[in-house]
Amino acid sequence: PKINSGNDERLELNDEFVLLFRFRSGVNGFKLMENIAQFCRAAQTYGLSSAEIFQTVDLYERMNLHQVVLCLFALGRKVTLSTRKSAPSE
């Protein structure tokens, strides 16, 4: 479940792992890039390899959106696999 608290957003991926994003509001380019970099660090912490994670400029400057999509798919796959492993077996 997703939980919002001010500028924080908490996303519980499974019983053991929770992503906490602290969004910085504003239109300042530096703040936007900081948000993207924070997402990339969280994805790495969750276990994605460096080959699966995009660079900040890939998204910010829309230079390599293919890599951004690959990262999102890899994160989704990782979450799905970890959820299946932690599910009780019948």
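Here the structure is a predicted model, which means the values were calculated and not measured.
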Reported [atom1]-to-[atom2] distance for the pair [X] and [Y], which is rounded to 0.5 angstrom:
{"X": "Arg41", "Y": "Ile36", "atom1": "CZ", "atom2": "CD1", "value": "11.5 Å"}
{"X": "Tyr46", "Y": "Ile53", "atom1": "OH", "atom2": "CD1", "value": "13.0 Å"}
{"X": "Cys71", "Y": "His66", "atom1": "SG", "atom2": "NE2", "value": "12.0 Å"}

| message | With a 4.5 Å cut-off on side-chain heavy-atom distances among I, L, V, M, F, W and Y, is there a chain of contacts connecting Val79 to Leu48? | response |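 Linked within one cluster.
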
| Hphob cluster co-occupancy, Leu70 + Leu81, side-chain heavy atoms under 4.5 angstrom |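 No; Leu81 is not reachable from Leu70 via cluster members.
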
Show me the donor-acceptor pairs, under 3.5 Å and distance only, between side chains in residues 55-65 and residues at least two apart or in other chains.
| unit_1 | atom_1 | unit_2 | atom_2 | d |
| --- | --- | --- | --- | --- |
| Asp58 | OD2 | Gln55 | N | 2.9 |
| Asn64 | OD1 | Gln67 | N | 3.3 |

| How far apart are the C-alpha atoms of Val69 and Phe73, what are their side-chain angles, what is the distance that settles it, and do they pass the side chain to side chain contact (heavy atoms under 4.5 Å, CB included) test? | CA-CA 6 Å; Val69 171; Phe73 277 126; 3.4 Å; yes

| request: For side chain to side chain contact (heavy atoms under 4.5 Å, CB included), just list the numbers for Glu52 and Gln44, CA-CA rounded to whole Å, side-chain angles, deciding distance to a tenth of an Å, and then say yes or no. | output: CA-CA 9 Å; Glu52 295 172 314; Gln44 186 174 22; over 6 Å; no

